[in-house]
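Okay, so here's the structure we're looking at.
Treat the numbers as computed from the prediction; the structure is a model and nothing was measured.
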Amino acid sequence: MTLYNLPSFMAKVPYSFKEIESKWQHFWEEERSFHATEKSTHPKFYCLVMFPYPSGRIHMGHVRNYAIGDVVARYKRMKGFNVLHPMGWDAFGLPAENAAIQHGVHPSEWTYDNIAFMKNQLKKMGLSYDWSREIATCDPSYYGLEQRLFLKMYEKGLVYKRRSFVNWCSDCETVLANEQVVDGRCWRCESEVTQKDLEQWFFKITAYAEELLQDLEKLKEGWPERVLTMQRNWIGKSMGAEIHFPVVGRSSEFLKIFTTRVDTLYGVTFMSVAPEHPQILEWVKGTSQESSVRVFVEKVLKESQRDRTDLTREKEGVFTGVYCVHPLTQENIPVYVANFVLMEYGTGAVMAVPAHDQRDFEFAKKYNIPVKVVIQPEGEILDSKTMTQAYVEDGLQAHCGSFDGLKNQEAILKISEFLEEKKIGQRVVHYKLRDWGISRQRYWGTPIPVLHCHTCGTVPVPEGDLPVLLPKDVKFTGMGASPLADHESFVRARCPKCGGPARRETDTMDTFVESSWYFARYTCPQCDEPLDVSKVKYWLPVDQYIGGIEHAVLHLLYSRFFSKVLRDLGFLKVDEPFSRLLTQGMVIKDGAKMSKSKGNVVDPDMLIDRYGADTARLFSLFAAPPEKDLDWNDEGVEGSFRFLKRVWTKVNEFLEKKSGENSNVSLDSMEGMTDLEKKLYRKTHSTLKKVSQDIEDAYHFNTAISAIMELVNEIYHFDVEEKPSSRGMAILSEALKMVVILLSPFCPHISEELWEMLGESDSVGQVSWPHWNEKVLQEDSIEIVIQINGKVRSRLQIAPTLSSSELEKKILEDEKIQKFLSGARVKKFIHVPKKLVNVIV
RNA sequence: GCCGGAGUGGUGGAAUGGCAGACACAAGGGACUUAAAAUCCCUCGGCUGAAUAAGCCGUGCCGGUUCGAGUCCGGCCUCCGGCACCA
């Protein structure tokens with residue numbers, strides 16, 4: 001059934017997109033058109049889109065993401081690359097478990113049902129995936145191998161268990177990594193995150209902090225600047241010094257602090273430590289300060305993560321009664337517990353320099369602690385009594401003993417050297433990046449392959465016993481501990497070392513672990529080992545990765561870390577997994593991100609049903625450049641559909657006119673062509689050039705498509721005669737074929753169909769991307785814009801070969817120019833070849 | 001506060017320092033039709049103007065560089081995104 005009519009004077013064949021799309025989807029499947037192998041003489045190209053979580057249905061964000069990836073894959077194939085374009089499912093995760101709790105359906109069943117449904121949706125989009133490489137991360141054949149990788153990392157000392165305060169989401173009833181806490185809230189459900197003291201498994205991502213930072217340099221060419229910046233900030237390298245302050249009355253004990261401003265060491269007037277600082281309660285034990293410190297510490301610890309990191313909160317603290325000795329001046333320095341000092345960063349203790357640090361300044365003013373200026377701005381004298389805020393800029397050292405008069409940047413080096421010499425401290429580097437906490441107290445994830453034995457302690461599951469399978473018969477109550485912890489036969493185990501009773505680890509891994517190596521697994525999805533080194537070597541790195549910006553520091557950082565680990569384990573040969581990254585923008589409607597609660601959701605199924613996949617793809621690619629947000633607009637979709645119908649109509653009309661005739665006119669020479677013919681002939685080649693460059697240079701699909709639209713408009717203007725000459729028909733034929741070829745990466749179904757109708761035997765996807773003929777682009781006459789003092793006053797048609805002096809002569813003879821010049825003296829001419837002449841008077 | 005990115009018609013968006021607004025949507029007009037839809041053609045930044053004559057103004061604001069600035073430089077304003085007591 002169709003919703004439109006074609007003009008009655010032609011159009012015998014309607015554009016039946018449903019039949020066409022299903023026909024070619026079957027063709028590609030039967031021909032295995034997108035099946036990738038390593039046996040190819042062509043250079044490889046690995047095009048990857050971020051795999052989806054099987055939430056139930058695809059949304060417009062997916063449609064856009066996969067349409068972009070498919071254009072790249074199809075274009076690269078036509079350019080002669082051996083393309084790998086795989087798809088799979090990021091299939092572990094909480095929604096499956098929530099569905100189990102709410103609807104009593106098993107997470108496995110829920111997940112596989114969703115996969116089946118969504119796979120069907122993706123197939124209807126005509127995406128050129130090699131489905132034979134499909135991965136579902138919840139399949140034991142995947143997560144079992146992930147457990148093998150876990151054990152290898154364990155052997156290497158890259159996995160460890162530690163008891164610590166961790167981010168806890170009470171809604172999801174599980175722990176979250178730092179990266180997964182956004183503004184003090186859970187990244188998934190947005191409920192407030194609290195701190196919980198738990199035993200947790202960690203990946204030692206900090207061991208790679210420096211390399212993760214350094215290698216961002218290698219990505220400068222291919223990654224968006226802002227993603228690199230976000231990762232750089234997240235890793236947060238700072239260089240400074242650790243300094244040991246002796247504690248008064250405790251001969252062998254020190255308070256260790258970290259500072260990036262050694263130059264301000266002489267300005268220290270107090271110390272501040274975090275409420276969690278392990279030594280502080282010990283030091284105050286039995287003193288008169290003990291109770292007031294205790295009260296303060298307990299008060300702060302009770303506050304939520306959000307409140308504690310609230311910048312507007314007043315800086316507060318309490319004196320501990322403890323004093324340190326200043327290592328250079330030997331003065332006694334009071335130690336405070338302060339609510340703004342973080343235990344997780346540096347040493348959890350800070351030397352406070354109120355004159356040169358705003359936080360310390362505010363704190364000192366509140367508690368009447370002296371302010372000591374030790375950095376003086378050049379040409380100005382700071383007075384600690386009249387200062388209203390800290391001076392944090394550069395300057396010259398003052399009241400700093402032998403360092404006086406030095407520029408503070410030099411003093412950092414000199415004082416650091418001095419401290420090292422005297423063994424008072426040493427230079428150190430700190431990172432904000434923390435180790436990746438991967439334990440999750442949930443069922444639907446990869447079981448951590450470890451046993452706890454009463455006598456042997458923590459024992460890894462032997463490789464031969466892998467995979468540790470998720471038991472199917474579990475109860476989902478949504479209450480209390482993870483369903484695994486309640487599963488008797490899962491928990492009860494034997495220690496492989498001593499044979500004694502052991503308890504199985506019931507935590508599962510963060511689902512970001514699965515997505516940290518799936519891109520490598522796609523190269524060898526059937527391999528018994530985690531990875532087939534030769535295949536991985538052939539395909540990696542991913543040449544083009546495409547996905548949302550929301551993973552700038554989550555998935556993209558974890559994957560980079562995993563790649564380095566896998567490299568060091570001998571599986572990979574590359575340092576970085578993704579050479580080029582394209583972060584596509586969101587799909588917006590009525591000024592907001594599409595969401596159920598806003599009621600502005602466009603359903604891809606409805607869209608495909610009404611207009612077909614080619615239209616859905618075309619609009620997603622045409623309405624905005626890929627990296628920008630796309631404003632969804634129903635009338636715009638209509639416009640894209642109209643365009644495809646225009647192409648369809650014109651090809652059919654052409655075939656009707658051509659029928660019977662079979663003239664083969666050579667288009668080698670443009671001699672004898674009419675102006676109209678030349679115009680279309682040139683447009684055909686200039687469009688090829690523009691589309692090629694737009695796709696190649698920067699994935700400017702929107703302008704590439706608009707260029708094709710221009711060519712189609714030109715064809716409509718050309719085809720005015722009832723019976724064009726055979727040369728005209730040849731030119732028209734070439735133009736139409738060009739439209740079909742250029743359109744094929746964007747709208748593959750209609751392109752295949754039209755290609756076949758035009759009498760071509762190969763699939764249009766197998767055609768080599770054509771080369772444009774630069775000679776054809778040479779115009780017989782070009783238009784030159786004539787400006788007077790920068791204002792457009794006239795235009796001249798000239799031969800491209802005309803010399804500058806002849807052109808100047810012509811300009812001065814021009815009627816309009818003469819009128820504007822009205823006798824004024826011409827000072828000079830500025831020539832922009834083949835474009836413009838500016839006459840200065 | 002710091003670091004990115006962006007401000008262009010009614011709208012989405014185009015423009016290696018060289019004709020601002022390609023392409024498309026919406027709007028308006030015309031052709032076809034008994035009529036409507038569809039289709040095809042035309043107009044479409046603002047102002048003055050009868051005008052498809054001519055001219056002036058116009059890319060967030062102010063200034064600069066240049067023969068020439070949406071584009072480069074300096075200073076602001078607004079919006080979006082990220083980071084943020086990181087010592």
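As judged by a 4.0 angstrom heavy-atom cut-off over every strand, A:Lys791 is placed among residues touching the sugar-phosphate backbone only. A:Asn838 comes within 4.0 angstrom of a base, heavy atoms only. Across all strands, A:Gln358 comes closer than 4.0 Å to no nucleic acid atom at all (heavy-atom distances). Across all strands shown, A:Val553 has no heavy atoms under 4.0 Å from either base or sugar-phosphate atoms. At the heavy-atom level, A:Arg793 lies under 4.0 Å from the strands shown only through sugar-phosphate atoms.
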Q | Derivation and outcome, side chain to side chain donor-acceptor pair (under 3.5 Å), residues A:Asp394 and A:Gln409 | A | CA-CA 7 Å; A:Asp394 286 340; A:Gln409 289 299 332; 2.9 Å; yes
Q: Could you check A:Glu653 against A:Lys657 for salt bridge (Lys or Arg N to Asp or Glu O under 4.0 Å), going step by step and ending with a plain yes or no?
A: CA-CA 6 Å; A:Glu653 191 189 313; A:Lys657 277 191 190 158; 3.6 Å; yes
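Look at A:Asn702 and you'll find a side-chain N or O under 4.0 angstrom from OP1 or OP2 of B:A14. Within the 4.0 Å cut-off from OP1 or OP2 of B:A87, at least one side-chain nitrogen or oxygen of A:Ser238 is found. For the pair A:Lys645 and B:U39, the criterion of a side-chain N or O lying under 4.0 Å from OP1 or OP2 is met. Phosphate contact (OP1/OP2 of B:C86, side-chain N/O of A:Arg359, threshold under 4.0 Å): present.
Under a 4.0 Å N-O distance rule, the pair A:Glu627/A:Arg226 does not qualify as a salt bridge.
The aromatic rings of A:Trp436 and A:Tyr558 sit parallel, their planes meeting at an angle under 30°, below the 60° perpendicular limit.
Nucleotides B:A22 and B:U16 place their P atoms 15 Å apart, quoted to the nearest Å.
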Q: Starting at the 5' end of RNA chain B, write a dot or bracket for each base, bracketing those in Watson-Crick or G-U wobble pairs whose two distances are under 3.5 Å and using | for partners on another strand.
A: (((((((..(((.....[....))).(((((.......))))).((((.....))))..(((((..]....))))))))))))....
Q. Along nucleotides 24-31 of chain B, 5' to 3', which nucleotides get a B, which get an S, and which get a -, given that the test is a protein heavy-atom distance under 4.0 Å?
A. SSS-----
